[in-house]
Each structure stands twice: as structure tokens, then as C-alpha cells.
Number of protein chains: 2
Amino acid sequence: MGCMNTAQTLEPALDASCCLPSEQPAISVEDAQQRALVFKALADPNRLRLLSIVKAGESGESCVCDLTEPLDLGQPTVSHHLKILVEAGLLHREKRGTWAYYSLVPGALDKVAGLVTGL
Amino acid sequence: MGCMNTAQTLEPALDASCCLPSEQPAISVEDAQQRALVFKALADPNRLRLLSIVKAGESGESCVCDLTEPLDLGQPTVSHHLKILVEAGLLHREKRGTWAYYSLVPGALDKVAGLVTGL
DNA sequence: TACTCATATCGATCCTCATCAATTTACTTC
DNA sequence: GAAGTAAATTGATGAGGATCGATATGAGTA
């Protein structure tokens with residue numbers, strides 16, 4: 001006894017209707033891959049600081065030249081991190097003249113929080 | 001004009017008291033490293049599915065033999081992923097006899113959600 | 001048109017990580 | 001104690017990622 005590995009193969013059509021109403025099935029492989037992309041974007045200290053610095057800025061947006069110095073990283077590296085955050089849907093990029101301004105996508109952080117609690 | 005990179009160096013002691021009360025400073029390097037550890041644990045599709053499967057289990061806990069098959073991974077790999085989730089403070093491990101039972105740490109997911117929104 | 005500056009992209013390097021096969025550890029049972 | 005089983009650990013390998021120097025793009029300016 002102990003590990004009932006084979007028991008769950010007997011009632012495949014019942015496990016969604018017989019249990020507590022709050023029970024939700026595990027996420028799918030595709031869903032997991034999708035969420036992992038977002039968490040990968042957050043899984044770097046410098047990218048977390050980028051998000052935090054952009055959010056803390058009083059104007060709500062920062063250009064790359066404002067972000068290179070506090071991170072102590074080269075400009076190509078910062079640009080690379082920013083691109084990952086944009087592709088993850090966390091930052092918005094707007095080019096005005098020579099400068100590129102980055103700002104938090106409204107509601108993005110709350111949406112990510114929902115990805116965590118909704119596992 | 002455009003990028004005001006040097007302006008913020010003039011009032012270093014004021015930026016915490018002159019602005020909106022909701023403004024909080026950017027997180028520190030150490031804080032970012034700490035949070036990145038948690039997000040690194042979430043930045044893998046198989047680990048996300050592990051968390052979801054453990055959470056979806058009606059008993060609230062699962063042993064390794066219940067987790068190897070749905071992930072289609074070898075037993076050492078699943079054990080490795082589980083260890084990372086335990087070290088991140090997301091899963092709790094309890095050994096009973098030959099089996100090791102893993103369960104969600106109560107409140108851990110909500111705490112992680114706070115790490116996201118609190119950036 | 002030529003020059004400057006901000007940003008993005010490219011290529012290379014180093015390091016981390018996901019995975020597996022093999023082995024070890026630990027508990028149970030005969 | 002010997003055999004069997006669950007889980008963890010080890011060592012190796014291949015893929016992905018973080019970083020940098022060099023270069024390209026593109027807008028503003030003389």
C-alpha cells in the first residue's frame with residue numbers, strides 16, 4: 001500500500017465531477033510552456049531590477065541610458081534584457097526620436113500574479 | 001533634451017519624501033537575487049506542472065511515483081525538479097516509509113504573487 | 001552630405017541547467 | 001541477513017542563456 005499509482009486509471013471520466021467544486025485539473029503541457037516563458041523573463045536579477053526601476057520612476061517610463069548605469073551592465077546587455085521583458089508582455093517600448101522609452105504594461109504584473117495563484 | 005540622465009543626481013535625499021505616497025524605491029540587488037531564485041524555480045514547464053499536479057491532487061500530496069508518469073520524465077529528473085521546488089520554499093517534503101510525499105507549502109503561491117506585484 | 005549620439009543586432013565565450021544512465025541510500029519484507 | 005523497491009545522488013552531456021566587444025541602424029544636427 002502507500003502509493004496508489006494504478007488506481008486512478010479506473011475512473012477516467014469521473015474525476016471531474018465527483019470531487020470538491022474548488023478542485024481544478026492540473027494545467028496542460030502547452031499552458032505550462034506558456035507560463036514558463038513569463039517566469040523565465042523574471043528569473044534574472046537584472047531583469048527584476050529593470051522592472052522595478054521602470055516602475056519606480058516618477059514619469060512611469062525610462063530610456064536605456066537611464067538604466068545602463070544603475071545596473072552596471074553594458075548597453076547591449078541592457079538592451080537584450082529589455083527585449084526579453086517586452087516579448088514577455090511586461091514592458092512597453094515606445095521610440096521617440098533617438099531615444100527608446102520603456103514603461104510597464106498596465107496590469108501585466110497583476111496578470112502574472114494570477115498565473116502563480118492559478119496553478 | 002530628452003534623456004535627463006544627470007538630473008536625478010542633484011537631490012539624493014529628497015526623492016523619498018517629496019513624491020506621491022505610493023512611490024516606493026526600486027528593489028535592491030540582494031532583493032532581486034533572492035526573488036530571482038523563486039522565479040528560476042518557476043521558469044521550467046515541468047516544474048510548473050509538478051506544482052499544478054500536486055495542488056490538483058485530492059489528498060493534497062503526491063509521491064514521486066505518481067509524478068513520474070504524467071511528466072514523461074525519468075525518476076532522477078523528477079526528483080531533481082522536486083528538490084528545486086522544495087529549496088525555493090514552494091513544496092514540502094515528508095518521508096513516510098519508503099515513499100516521499102510532496103505537498104504545497106500553505107500560502108507559498110500567494111507569497112510569490114506578492115513578490116510579483118510588489119516589484 | 002557628413003558627423004554624432006542612442007539603441008539594436010551580431011558573433012563569440014563562458015556558465016548554468018535539464019536530462020539521463022548508473023549507482024547509492026534507505027526502508028520493507030521474507 | 002538477503003532480496004526488493006522507492007527515492008536520492010553522482011557524473012556526463014548537450015542545449016540554452018548572460019555577457020561583452022564590435023558593428024549596424026537610425027534619427028538629429030551642422
Side-chain angles (χ1 to χ4, degrees), chain A residues 1-7 29 32-33 35-51 53-54 61-88 91-103, chain B residues 1-7 29 32-33 35-51 53-54 61-88 91-103:
Chain A
M1 78 197 85
C3 173
M4 312 308 291
N5 196 1
T6 57
V29 177
Q33 290 172 337
R35 299 189 196 210
L37 288 180
V38 180
F39 294 125
K40 264 194 240 279
L42 296 173
D44 182 273
N46 288 316
R47 284 197 290 269
L48 290 179
R49 294 198 71 215
L50 278 177
L51 284 176
I53 292 173
V54 169
E61 57 182 16
S62 312
C63 66
V64 181
C65 64
D66 283 329
L67 300 169
T68 306
E69 182 217 331
L71 257 66
D72 199 36
L73 288 177
Q75 174 266 321
T77 304
V78 174
S79 209
H80 170 245
H81 284 314
L82 289 170
K83 184 179 185 181
I84 291 176
L85 291 171
V86 169
E87 288 174 343
L91 284 187
H92 171 251
R93 175 182 183 270
E94 183 185 356
K95 189 141 192 186
R96 290 203 300 270
T98 313
W99 293 275
Y101 292 90
Y102 289 88
S103 57
Chain B
M1 79 196 88
C3 175
M4 314 307 290
N5 197 3
T6 55
V29 177
Q33 291 172 336
R35 298 190 197 208
L37 288 180
V38 181
F39 294 124
K40 264 192 240 281
L42 295 174
D44 182 273
N46 288 316
R47 285 199 287 270
L48 290 179
R49 293 198 71 217
L50 279 176
L51 283 176
I53 292 172
V54 169
E61 57 182 16
S62 313
C63 66
V64 180
C65 63
D66 284 329
L67 300 170
T68 306
E69 181 216 332
L71 258 66
D72 198 36
L73 288 177
Q75 174 265 319
T77 304
V78 174
S79 211
H80 169 246
H81 284 314
L82 289 170
K83 185 179 183 178
I84 291 176
L85 291 171
V86 169
E87 288 174 342
L91 285 186
H92 171 251
R93 176 183 181 270
E94 182 184 355
K95 189 142 194 187
R96 291 201 300 270
T98 313
W99 291 278
Y101 292 90
Y102 289 86
S103 57

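So you know, we letter chains A, B, ... as the sequences are listed, proteins then strands, and number each from 1.
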Sequence-distant partners of A:Thr98, side chain to side chain contact (heavy atoms under 4.5 Å, CB included), two or more places apart: none
Any residue meeting side chain to side chain contact (heavy atoms under 4.5 Å, CB included) with A:Ala100, in chain and number order, not counting sequence neighbours: A:Arg93, A:Tyr102
Integer-rounded Å distance: C:dA6 P and A:Leu67 CG: 14 Å
Which nucleotide in C:dT7, C:dT9, C:dA8 has an atom nearest any side-chain atom of A:Cys63: C:dT7
A:Arg93 side chain near C:dA8 phosphate (N/O to OP1/OP2, under 4.0 Å): yes
Between P of C:dA18 and NZ of B:Lys83, the distance in whole Å: 13 Å
side-chain N/O A:Tyr102 vs C:dA8 OP1/OP2, d < 4.0 Å: yes
B:Leu50 CG - D:dA7 C1' separation (whole Å): 14 Å
Closest non-hydrogen atom pair between B:Arg49 and B:Pro70, with its separation: NH1-O, 3.2 Å
Nearest-angstrom distance from the residue atom CG of B:Leu85 to C1' of C:dA18: 13 Å
Could you pull out every donor-acceptor pair under 3.5 Å between side chains of residues 35-44 of chain A and any protein atom, sequence neighbours left out?
from    : atom 1 : to       : atom 2 : distance (Å)
A:Arg35 : NE     : A:Asp31  : OD1    : 3.0
A:Arg35 : NE     : A:Asp31  : OD2    : 3.4
A:Arg35 : NH1    : A:Leu115 : O      : 2.9
A:Arg35 : NH2    : A:Asp31  : OD2    : 3.0
A:Lys40 : NZ     : B:Ala43  : O      : 3.3
A:Asp44 : OD1    : A:Asn46  : N      : 2.9
A:Asp44 : OD1    : A:Arg47  : N      : 3.2

Interface polar pairs with nucleotides 17-19 of chain D, N/O, under 3.5 angstrom:
from   : atom 1 : to      : atom 2 : distance (Å)
D:dA18 : OP1    : A:Arg47 : NH2    : 2.9
D:dA18 : OP2    : A:Arg47 : NH1    : 3.3
D:dT19 : OP1    : A:Asn46 : ND2    : 2.8
D:dT19 : OP2    : A:His81 : NE2    : 2.2

Rounded distance (nearest 0.5 Å) linking atom CG of B:Leu67 with atom CG of B:Leu82: 6.0 Å
Salt bridge (charged side-chain N to carboxylate O under 4.0 Å, His left out) partners for A:Glu94, two or more places apart: A:Arg96
Under 4.0 Å protein heavy-atom contact, by nucleotide of nucleotides 24-30 of chain D - B base, S sugar-phosphate only: --BSS--
Length of the CD-C1' vector between B:Glu69 and D:dA6, whole Å: 16 Å
For B:Glu87, side chain to side chain contact (heavy atoms under 4.5 Å, CB included) partners two or more places apart: B:Lys83
Reported CG-to-NE2 distance for the pair B:Leu91 and B:His81, which is rounded to 0.5 angstrom: 12.5 Å
From CG (A:Leu48) to CG (A:Leu85), nearest 0.5 Å: 8.5 Å
Donor/acceptor link under 3.5 angstrom from A:Gln75 side chain onto base of C:dA6: no
